[in-house]
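Please see the structure below; I have some questions.
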Amino acid sequence: NKTDNQMLVIFGASGDLTARKLVPALFNLYQGRHLPENFTVLGVSRSDLTDDDFRKKVVGQSKYLEENIKESDAAFIDRFAEKLFYEDLGKEYDTSYENLRKRIFDLDKAHGTGGNVIFYLSTPPSLYEIIAKNLADQGLNEEKRGWKRLIVEKPFGYSLASAKALNEGLHRYFKESQIYRIDHYLGKETVQNLLVTRFANSIFEPLWNRNYIHHVEITNAESGGVEKRGGYYDKSGALRDMFQNHLLQIVSLVIMEPPIGAGPDEIRNEKVKALKSLRIMRDDETLHNNTIKAQYIASVINGEKIKGYRDEEGVDPESNTETYAAIKFFVDNWRWADVPFYVRTAKRMPTKVTEVVIHFKSPHHQIFKDSGMNNKDNKLIIRIQPDEGILIKFGVKVPGQGFKVERANLDFYYSSLVENHVMEAYERLLLDAMQGDATLYARADEVEAAWEFVDPILDYWKNNKDVKTYGYSAGVWGPTNADELIEGLGMWRNPSE
Ligand code: BG6
């Protein structure tokens with residue numbers, strides 16, 4: 001694909017994301033020769049920095065760059081740093097946008113970026129709309145000379161109503177085709193590979209339905225806690241932070257119908273349809289029986305004391321915000337009728353892992369009755385991270401008399417493709433936006449459909465005094481009560497097996 005000459009204007013440029021993700025991703029794109037000939041980054045934020053201070057902060061003295069890039073010589077890094085500039089927009093992003101427009105104009109003239117600009121909003125969400133308005137007031141949404149695009153970071157809304165309001169607000173100033181809503185899980189190779197596994201092979205899709213699939217289980221576990229983000233997280237919780245966006249995006253790729261092509265709208269139309277078929281839980285009994293929330297409590301792992309969630313900085317000591325959420329739900333359509341989906345996401349788990357497990361039904365008629373093979377032992381595991389790959393679990397005959405069956409694995413790991421550099425999610429997503437490909441970005445209707453499903457759960461958790469917030473120790477797979485959700489199926493799969 002062609003990448004036009006362009007400028008990337010990052011709002012929130014002195015924040016963590018810019019140094020941690022965006023600049024290393026841009027550097028890797030530069031090193032991989034993916035950036036266009038003429039390319040400039042303009043960092044914008046509330047800090048009073050010079051171009052040079054900004055370069056030092058995100059390049060010269062940044063530990064993230066060191067950690068995330070392949071070896072490179074100092075002169076090359078300096079050449080990259082020279083592409084970076086900075087503009088202070090005042091404490092409340094309220095300094096005149098006129099200055100910003102002039103700066104963009106001057107940089108464009110000096111560096112030949114062709115009037116093409118991406119505005120990347122990595123600020124608190126409360127500023128998204130006002131920034132869009134201020135840009136529009138300066139004509140910076142107009143595409144008379146060069147295109148203009150707007151990338152919006154998460155969280156996109158706090159509820160269905162706020163997401164709708166935000167969409168409406170942004171649409172006042174930018175067309176939907178100009179807006180790119182980031183969900184960095186869509187930038188992960190293995191998440192995209194869900195589409196290829198399903199639609200580029202003929203051996204999986206015929207089985208991909210209620211006739212052969214018994215249930216689907218998705219685990220997203222992190223070993224870390226809320227780190228330094230207690231203030232943000234306490235108002236968010238696992239359901240908003242991970243489930244509404246990243247996990248429902250994965251769900252939509254697992255359940256969607258085959259699109260007619262691989263274009264952005266062809267794929268996204270099917271994803272919206274998929275999200276709209278999630279059965280929304282409305283009554284308290286259903287919500288009670290199908291949702292579980294919990295919080296990590298103070299614990300000791302290998303002699304190391306781990307703070308409980310309520311003791312984390314920025315967290316209300318009486319907080320009921322969940323750091324663990326497990327949800328059981330159904331998908332009301334022809335393909336998935338009656339197939340239960342179990343999705344859990346949590347912090348402070350034994351390990352960091354994300355995987356989708358397709359549990360197939362047992363054979364209709366079991367002739368190897370005492371074979372040692374359990375029901376539903378056929379599994380397809382899509383390992384999203386780490387050890388990215390596809391694992392198939394099936395039964396083979398144990399050599400010798402009789403028919404004893406043992407489990408065997410047929411596994412593919414991405415690491416075996418040594419010659420391929422797997423792009424980090426932000427690298428891939430930035431490059432796509434630079435090329436105008438929105439396939440891996442969430443569309444307005446997708447985001448709203450996901451909130452539509454999540455809203456009643458959030459309301460129930462918030463408004464119903466009987467909802468328990470269970471406790472679990474750091475380093476265990478969540479509260480034992482979560483096993484009740486999956487009752488009758490044994491346990492949640494242990495991803496380390
Ligand atoms: C972010 C969440 O969107 O995703 C974080 O806000 C979470 O709380 C992170 O830690 C997980 O991303 P990844 O790519 O490390 O799985």
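Counting starts at 1 for both ligands and their atoms, in listed order.
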**OP:** Please report which non-hydrogen protein atom sits nearest to atom 8 (O) of ligand 1, along with the residue it belongs to and the distance in Å to one decimal place.
**Re:** D241 OD2, 2.5 Å
**OP:** Note the single closest protein heavy atom to atom 3 (O) of ligand 1, along with its residue, its atom name and the distance in Å.
**Re:** H246 NE2, 2.7 Å
Original post:
Under 4.0 Å from any heavy atom of Q385, which atoms of ligand 1 are there?
Top reply: 13 (P), 16 (O)
Original post:
Any ion pair linking R335 and E205 (charged N to carboxylate O, less than 4.0 Å)?
Top reply: yes
Subject >> Trace of the ring-ring contact (aromatic ring centres under 6.0 Å, His included) decision for F341 with W336 >> reply: CA-CA 10 Å; F341 282 73; W336 294 111; 5.3 Å; yes
Original post:
What is the nearest protein non-hydrogen atom to atom 12 (O) of ligand 1, stated with its residue, atom name and distance?
Top reply: H184 NE2, 3.2 Å
Original post:
Which ligand 1 atoms, with their elements, are less than 4.0 angstrom from a heavy-atom of K347?
Top reply: 5 (C), 7 (C), 8 (O), 10 (O)
**OP:** Output yes when D53 and K57 qualify as a salt bridge under the 4.0 Å nitrogen-oxygen rule, no when they do not.
**Re:** no
**OP:** If you have a sec, work out which protein heavy atom is nearest atom 14 (O) of ligand 1 and how many Å separate them, to one decimal?
**Re:** K188 NZ, 2.6 Å
Subject >> Geometric class of the F80/Y30 ring pair [parallel <30°, tilted 30-60°, perpendicular >60°] >> reply: tilted
Original post:
Salt bridge or not for R348 and E222, using N-O below 4.0 Å?
Top reply: no
Subject >> atom 10 (O) of ligand 1 - nearest protein heavy atom and its distance >> reply: E222 OE1, 2.6 Å
Subject >> Protein heavy atom at shortest distance from atom 15 (O) of ligand 1 >> reply: K352 NZ, 2.6 Å
**OP:** Just jot down the ligand 1 atoms closer than 4.0 angstrom to any heavy atom of R229, in number order.
**Re:** 2 (C), 5 (C), 6 (O), 8 (O)
Original post:
Which of the atoms in ligand 1, numbered in the order shown and given with their element, are less than 4.0 Å from a heavy-atom of K154?
Top reply: 1 (C), 2 (C), 3 (O), 6 (O)
**OP:** From the options T18, V41, L17, select the one residue that forms a side chain to side chain contact (heavy atoms under 4.5 Å, CB included) with V23.
**Re:** T18
Subject >> Y185 to ligand 1, any heavy atom closer than 4.0 Å >> reply: yes
Original post:
Under the criterion salt bridge (Lys or Arg N to Asp or Glu O under 4.0 Å), which of R443, R181, R268 is the partner of E176?
Top reply: R181
Original post:
Does any N or O atom in Y233 lie less than 3.5 angstrom from one in ligand 1, N or O only?
Top reply: no
Original post:
Going by an N to O cut-off under 4.0 Å, is there a salt bridge joining K21 and E427?
Top reply: no
Original post:
Based purely on interatomic distance, does N220 place a nitrogen or oxygen under 3.5 Å from a nitrogen or oxygen of ligand 1?
Top reply: no
Original post:
Considering only heavy atoms of M242, which atoms of ligand 1 have at least one such atom less than 4.0 Å away?
Top reply: 2 (C), 4 (O), 7 (C)
Subject >> Under-4.0 Å salt bridge between R383 and E355 >> reply: yes
